Amino acid sequence: LKAPAQTFMWPVEGYISAGFRNALYFQFFGIPHQGIDIVTAQLTPVKSAADGVVFLVKDGGLTGYTYILIGHRDGIATLYGHINLAQVAPGQAVKKGEAIGLSGGAPGTAGAGLITTGAHLHFEVIQNGVNVDPLTVLP
């Protein structure tokens with residue numbers, strides 16, 4: 001992994017409840033964990049980890065999984081999952097630290113999806129199409 005030219009920041013404050021490719025996560029849910037889960041209160045403002053452009057806002061509605069995908073320099077993208085309320089639109093430029101939505105993840109709430117155990121933000125870093133451990137770019 002080549003270190004990115006720009007610096008990244010944590011999108012929310014909190015502790016990590018499931019790490020990158022966590023084996024227990026895979027055993028429990030049956031799918032690989034391609035990011036980190038950061039425990040944070042429901043409806044916490046989620047901030048863009050770096051300057052970029054919003055690629056996609058997938059609205060899962062009341063029962064599905066809502067996420068935001070942002071493209072950055074050096075072939076890097078970040079994904080923010082279990083979003084309760086997105087506050088950006090595709091094509092929108094965002095600055096590092098700018099609020100992009102409100103966190104979710106509490107079971108049965110908008111955007112949480114079916115695979116969640118509590119309020120948190122799922123955060124992924126993708127470099128040239130491959131998921132990498134977010135801790136390799138976070139301070």
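Everything quoted here is computed from the prediction, not taken from an experiment.
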Using modelled atom types and a 3.5 Å cut-off, is there a donor and acceptor pairing between side-chain atoms of Glu98 and backbone atoms of Lys95?
yes

Note: Ala112 and Ala106 closest approach over all heavy atoms is CB-O, 3.5 Å

Which pair of non-hydrogen atoms, one from Ala41 and one from Ala119, has the smallest distance, and what is that distance?
C-CB, 4.3 Å

Connected via hydrophobic side-chain network under 4.5 Å: Ile38 and Tyr25
no

Test your reading of the model: is there a side-chain donor-acceptor pair from Tyr80 to the backbone of Ala49, 3.5 Å cut-off?
yes

Co-membership, hydrophobic cluster, residues Leu135 and Val125, 4.5 Å side-chain
yes

May I ask whether Tyr67 and Phe8 are part of the same hydrophobic cluster, defined by side-chain heavy atoms of I, L, V, M, F, W, Y residues being less than 4.5 angstrom apart, directly or through others?
no

Hey, does the side chain of Asn131 reach the backbone of Ile126 with a donor-acceptor pair shorter than 3.5 angstrom?
no

Expected output: side-chain Thr136 to main-chain Asp133 donor-acceptor under 3.5 Å
yes

By the rule that ILVMFWY residues connect when side-chain heavy atoms come within less than 4.5 angstrom, directly or transitively, which residues belong alongside Phe26?
none

side-chain contact (heavy atoms from CB on, under 4.5 Å) evaluation trace for Asn84 with Thr109
CA-CA 7 Å; Asn84 185 272; Thr109 61; 4.1 Å; yes

Heavy-atom side-chain contact between Leu102 and Thr44 under 4.5 Å
no

Between Gln34 and Phe20, is there a side-chain heavy-atom distance shorter than 4.5 Å?
yes

If you look at every heavy atom in Pro11 and Phe123, which pair is closest and at what distance?
CG-CD1, 3.7 Å

Least distance between heavy atoms, Ala99 atom then Val88 atom
O-CG1, 4.4 Å

Is there side-chain contact between Pro90 and Leu56, with at least one heavy-atom pair below 4.5 Å?
no

Heavy-atom donor-acceptor pair, Ser103 side chain to His120 backbone, under 3.5 Å
no

Step by step, would you call Leu138 with Met9 a side-chain contact (heavy atoms from CB on, under 4.5 Å)?
CA-CA 6 Å; Leu138 291 171; Met9 64 172 276; 5.9 Å; no

Just by distance, do the side chain of Asp59 and the backbone of Gly61 share a donor-acceptor pair under 3.5 Å?
yes

With side chains defined as the heavy atoms from C-beta onward, is the minimum distance between Val57 and Phe55 less than 4.5 Å?
no

Derivation and outcome, side-chain contact (heavy atoms from CB on, under 4.5 Å), residues Val94 and Val53:
CA-CA 6 Å; Val94 291; Val53 175; over 6 Å; no

To the closest 0.5 Å, what do you measure between CG (Leu85) and OG1 (Thr66)?
9.5 Å

Kindly say whether Pro139 contributes a backbone atom to a donor-acceptor pair with the side chain of Trp10 at under 3.5 angstrom?
yes

Min side-chain heavy-atom separation Asn128-Val130 under 4.5 Å:
no

Take a 6.0 Å sphere around CD of Gln92 and say whether it holds more than 12 heavy atoms from other residues, nucleotides or ligands.
yes

Tell me the closest heavy-atom pair linking His82 and Tyr65, and the distance in Å.
N-CE1, 3.4 Å

Under a 4.5 Å cut-off applied to non-hydrogen side-chain atoms, are Ile31 and Ile115 in contact?
yes

Spacing of CG belonging to Asn22 relative to CZ belonging to Phe28, to within rounding of 0.5 Å:
12.0 Å

Hey, is the main chain of Leu79 close enough, under 3.5 Å, to the side chain of Glu124 for a donor-acceptor pair?
no

Quick check: closest heavy atoms across Val39 and Ser17, and the distance to 0.1 Å?
CG2-CB, 3.5 Å

Between Thr7 and Lys96, does a side-chain contact (heavy atoms from CB on, under 4.5 Å) hold up when you go through it step by step?
CA-CA 9 Å; Thr7 58; Lys96 176 181 174 178; 2.8 Å; yes

Are Val54 and Ile100 side-chain neighbours, meaning at least one heavy-atom pair lies under 4.5 Å?
no

Is it true that Val12 and Leu69 fall in one hydrophobic cluster, defined by side-chain heavy atoms closer than 4.5 Å?
no

Trace of the side chain to side chain donor-acceptor pair (under 3.5 Å) decision for His72 with Thr78:
CA-CA 8 Å; His72 308 283; Thr78 50; 2.7 Å; yes

Atom pair NZ/CG of Lys47 and Leu121 - distance to nearest 0.5 Å
12.0 Å

His122 and Asp37: side chain donor to acceptor below 3.5 Å
yes

